[in-house]
Asks: 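Got a structure for you, written out below as structure tokens; questions coming shortly.
The figures here come from the full heavy-atom set of this structure, side chains too, leaving out hydrogens, waters and symmetry mates. Every chain is numbered from 1, with letters handed out A, B, ... down the list of sequences.
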Protein chains: 2
Amino acid sequence: MIKKHMANPIVQPGSIKPSREGYRVKGSFNAGAAEYNDEIILLLRVAEDCIASEDSIAVPYYRFDSDGGHPEILEKKTSDPDIRLKDTRGVVYKGKDYLSTLSHVRIARSKDSVNFEVDEKPFLYPCDLTESYGVEDARVTKIDNRYYITYTAVSRDGWATALAVTDDFVKIDRKGIIFPPLNKDVSIFPETINGKYCALHRPHNEGFGKPSIWYSESMDLFHWGNHKCLIRPRDTYWEEQKIGGGAAPIKTDKGWLEIYHGKGKNQIYSLFLLLLDLKDPSKVLKRGNEPILFPQEPYEKEGFFPNVVFSNGVIARSNGSVNIYYGACDETVCLAETSIDELLSTL
Amino acid sequence: MIKKHMANPIVQPGSIKPSREGYRVKGSFNAGAAEYNDEIILLLRVAEDCIASEDSIAVPYYRFDSDGGHPEILEKKTSDPDIRLKDTRGVVYKGKDYLSTLSHVRIARSKDSVNFEVDEKPFLYPCDLTESYGVEDARVTKIDNRYYITYTAVSRDGWATALAVTDDFVKIDRKGIIFPPLNKDVSIFPETINGKYCALHRPHNEGFGKPSIWYSESMDLFHWGNHKCLIRPRDTYWEEQKIGGGAAPIKTDKGWLEIYHGKGKNQIYSLFLLLLDLKDPSKVLKRGNEPILFPQEPYEKEGFFPNVVFSNGVIARSNGSVNIYYGACDETVCLAETSIDELLSTL
């Protein structure tokens, strides 16, 4: 059984302080998750837009030059023939894509894993040209008492995956882009296997095939190679468009257990299970046929971008319990509780 | 002065033996180049299609299963409503992209750098699922007496860049995918800089920006990181659509000299110069404003895919002379002769 928590959504944008004047928090969702001291830490994606007049759109982004970063706003009348609204998430101006919101990563803390207190200030904020359209969807992996955070860096150069390291969730050491564009949904395994670090990643594909989940190896976490395609979207209601990895795989007796997402018909996102070989995670053992979680509740079906459940934060405890933190509708954080045994039994 | 050779095109598809019965050589072009013993070796891209009846198309590709690779042909009436011909290079069947030709890499040898003898058999042939739609556009870099060959591997998972190593252009050691899809135009620098191998690569981009030239580093040639965008297409006649690196950069007194290509208006491809810092090749020193080579001659303007000059093979000798081997119209190999001084003087 996977039990959606009664308190869902457990984090909502209304309670979050904007990062600067004139910005408005539209979503706090897709959170990475880690245990630190006696707390659960969520690395929230906080998406902000600007307050614009009724007949206009106002898109925030950052410009970087030799003086550092400068917040900019692209403000246009919606009647402007050069403006095209894609969906709630994107705007096209003069043929170029912009995001309707600028995301950063904010920390939320909880002692009971359900009630979270959100920091007043951002944790990861756009810091250079590679992040001018925002930083999104952090995933955390603890290796040897250090926390390795992968996140999507969006800019005019596309979306890529960058790495940051922290020991205390205060000081951040940014390591730059580890998977060049167009690549996201990167999660690092919590230990080396055969002397190598391993990761799942999701390079773009179009025309020839569909965006799929890939495997990669590294000697040092900064340089990655031996790229192999693991699984591809199935031609089903739930996975028709694309798939991508979630949080770091969980080590179980049966193999590495990964909760991944599928995007299917009508842009519906749902969550699936994948089991990889313990000693060679480039080998797929099992893959769930049906989603373990899909949009059913009102808070999963109605919101900023409807019909989305998306997880990049999972806490698996030594007693076998599993907390799946998941974003709903690109707007809120929700919690589903289960166990490793329950998850494995569905495979 | 850059002098196009009188004997151009110096390699033509008509003289090349097909790799199997029923195949027809449509192009021998985009050749990597290396000096080996007293010869120039070209690694030709040989593109083959299948002979089809007047009202049909026949697209060759490879299927790989546990029994190994099997040549397959997708043969359809051109009147089939599920078939859409993109241009001479591509076909869409039921919404999926296929290439109209299957490419492999074939060796050609020359003692005088102009007259080439082409091997009867392929050198690099599709060998697994990652290469089922062909292997294309080899680039060779000699490091410590070994030859490192990067090439584009095309499959339903998109186009990626793989690495192969040879000491003698007979035995090949395949190292798998080093830049995951969608990424091509990868050239490796001929020596380590600050203890690291360096490469140029060209990840895909769309919507946000345009395909641009990136820089990357490696400790071992197999795992790559520290990805940085070096230069982006300029909004000009020659570069409007995209740019990508050519052969391995040439070491000069003034910096690393790279001959890259631009795709501009009307799908015209031309060649440009880029100069990178000797000690830190992620630093751009200069970039040519005008192309050094563009389609002018009939053999550059008329062919399989018209108005293309594209180089991934350059031989720079210690006396300062430079041979630019370039593909014309995705059909033939041509030669342009110049020198490092001449090239640098245009910057």
Asks: Return the orientation label for the Tyr133(A) and Phe208(B) ring planes: parallel under 30°, perpendicular over 60°, tilted otherwise.
Replies: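 Geometry flag for Phe208(B) against Tyr133(A): tilted rings.
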Asks: For Asp144(A), does the CG atom have more than 12 heavy-atom neighbours from other residues, nucleotides or ligands under 6.0 Å away?
Replies: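 Atom CG in Asp144(A) is not packed in, count stays at 12 or less.
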Asks: So does Asp87(A) have more than 12 non-hydrogen atoms from other groups sitting under 6.0 Å from CG?
Replies: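 For Asp87(A), atom CG is crowded (more than 12 foreign heavy atoms under 6.0 Å).
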Asks: Where does Leu163(B) contact chain A at under 4.5 Å (heavy atoms): side chain, backbone, both or neither?
Replies: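 Neither part.
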Asks: What are the residues of residues 216-233 of chain A, in order of number, with any heavy atom under 4.5 angstrom from a heavy atom of chain B?
Replies: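 Listed by number: Glu217(A), Ser218(A), Met219(A), Asp220(A), Phe222(A), His223(A), Trp224(A), Gly225(A), Asn226(A), His227(A), Cys229(A), Arg232(A).
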Asks: Relative to chain B, which of Gly209(A), Ser155(A), Pro180(A), Pro203(A) shows the most heavy atom pairs under 4.5 Å?
Replies: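 Winner by heavy-atom pair count: Pro180(A).
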Asks: Using 0.5 Å steps for rounding, measure from the CH2 atom of Trp214(A) to the CD1 atom of Ile177(B).
Replies: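 Here the interatomic distance stands at 4.0 Å.
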Asks: Could you list which of residues 181-191 of chain A have a heavy atom closer than 4.5 Å to any heavy atom of chain B, in residue-number order?
Replies: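 Only Pro181(A), Leu182(A), Asn183(A) of residues 181-191 of chain A have a heavy atom under 4.5 Å from chain B.
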Asks: Sort out for me which of Ala160(B), Gly158(B), Gly176(B) touches chain A most, counting heavy-atom pairs under 4.5 Å.
Replies: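 Highest number of pairs under 4.5 Å: Gly158(B).
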Asks: What residue in Pro211(A), Gly90(A), Gly207(A) has the most heavy-atom pairs under 4.5 Å with chain B?
Replies: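 The answer is Gly207(A).
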Asks: Most heavy-atom pairs under 4.5 angstrom with chain A, which of Glu206(B), Lys96(B), Lys175(B)?
Replies: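 Looking at each option in turn, the highest pair count goes to Glu206(B).
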Asks: Is Val154(B) close to chain A through its backbone or its side chain, or both, or neither, when contacts mean heavy atoms under 4.5 Å?
Replies: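 Val154(B) touches chain A through side-chain heavy atoms alone.
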Asks: When you measure from the side chain of Asn205(A) to the backbone N and O of Arg156(B), does any donor-acceptor pair fall under 3.5 Å?
Replies: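 Checked: pair present.
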